[in-house]
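Encoded as structure tokens, the structure appears first; notes follow it.
Hydrogens, waters and symmetry mates play no part in the numbers below; they use all other heavy atoms, side chains included. We number each residue from 1, following the sequence as shown.
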Amino acid sequence: MKILFFSILLILVLVPFSSFSYAQTSYDINIPTGSASPDAPYFWQSEKDGSTTGDISILKGDTVVWKNADSATHTVTSGTPQDGPDDLFDSGLFAPGKSFPYKFDQEGNYPYFCLVHPWMDGTVFVSEGYAI
């Protein structure tokens with residue numbers, strides 16, 4: 001009887017705090033075959049929503065994994081082609097079949113691009129929670 005009482009008490013104490021935790025999630029952005037060409041129809045494809053803009057909206061604590069399905073080597077570098085890298089993250093050169101994960105721990109907008117193919121750019125939009 002004591003064990004049952006303490007089990008119920010423990011559940012009642014922990015349940016209210018469980019709503020404050022968020023499950024970490026990972027989202028893939030694929031770099032499709034042909035992306036190295038500036039004439040490609042698109043350079044990124046998000047598995048989250050199918051968009052091909054290179055833009056993705058995630059929550060703080062989520063991870064984005066860029067996967068190179070192209071036949072060319074690429075980078076995923078924070079910053080913009082106009083201003084250059086901002087040194088927040090950089091995959092370095094990663095070959096076909098390889099991937100680069102990055103976990104976003106702060107809210108904000110994070111532009112990125114490929115140093116080798118600067119027409120390939122996008123933005124990761126990180127928020128604290130979902131908009132209502």
_side chain to side chain contact (heavy atoms under 4.5 Å, CB included) for Ile58 and Thr25? Distances and angles first, verdict last._
CA-CA 9 Å; Ile58 62 171; Thr25 306; over 6 Å; no

For residues 83-96, tabulate all N or O donor-acceptor pairs below 3.5 Å that involve a side-chain atom, not counting sequence neighbours.
from  : atom 1 : to    : atom 2 : distance (Å)
Asp86 : OD1    : Ser78 : OG     : 2.3
Asp86 : OD1    : Leu88 : N      : 3.2
Asp90 : OD1    : Thr77 : OG1    : 2.9
Asp90 : OD1    : Gly92 : N      : 3.1
Ser91 : OG     : Val76 : N      : 2.7

Count the heavy atoms of every other residue, nucleotide or ligand shown that sit under 6.0 Å from CZ of Phe125, and state whether that count exceeds 12.
yes

Output side-chain donor-acceptor pairs under 3.5 Å for residues 106-115, partner residues at least two apart or in another chain, one line each.
from   : atom 1 : to     : atom 2 : distance (Å)
Glu107 : OE1    : Glu128 : N      : 3.4
Tyr110 : OH     : Gln106 : O      : 3.0
Tyr110 : OH     : Glu107 : O      : 3.3
Tyr112 : OH     : Gly54  : O      : 2.4

Distance col, row Met120:CE vs Trp66:CH2, nearest 0.5 angstrom, shows 11.5 Å

Minimal heavy-atom distance between Ala72 and His117, with the atoms involved, is CB-CE1, 4.4 Å

Residues Pro101 and Thr63: closest non-hydrogen pair is CB-CG2, 4.1 Å

- prompt: Would a distance-only check, ignoring hydrogens and angles, find a side-chain to backbone donor-acceptor pair under 3.5 Å from Asp70 to Gly34?
  reply: yes

The side-chain hydrogen bond (donor to acceptor under 3.5 Å, both in side chains) partners of Ser37 (sequence neighbours excluded) come to none

Contacts of Ser71 meeting side-chain contact (heavy atoms from CB on, under 4.5 Å) (sequence neighbours excluded), chain-then-number -> none

side-chain hydrogen bond (donor to acceptor under 3.5 Å, both in side chains) filter on Glu47, not counting sequence neighbours, yields Asn30

In short, salt bridge (Lys or Arg N to Asp or Glu O under 4.0 Å) pairs touching residues 27-42 with sequence neighbours left out are Asp28-Lys67

Distance col, row Ser46:OG vs Asp55:CG, nearest 0.5 angstrom, shows 9.5 Å

Practice problem: Consider only side-chain heavy atoms of I, L, V, M, F, W and Y, link residues closer than 4.5 Å, and tell whether Ile29 and Tyr27 are in one cluster. | Solution: yes

Value for OG (Ser99) from CG (Asn68), rounded to nearest 0.5 Å, stands at 9.5 Å

Taking every heavy atom of Lys103 against every heavy atom of Gly61, the minimum-distance pair comes out as CE-O, 3.4 Å

Between Trp44 and Asp121, is there a donor-acceptor pair closer than 3.5 Å when you use the side chain of the first and the backbone of the second?
yes

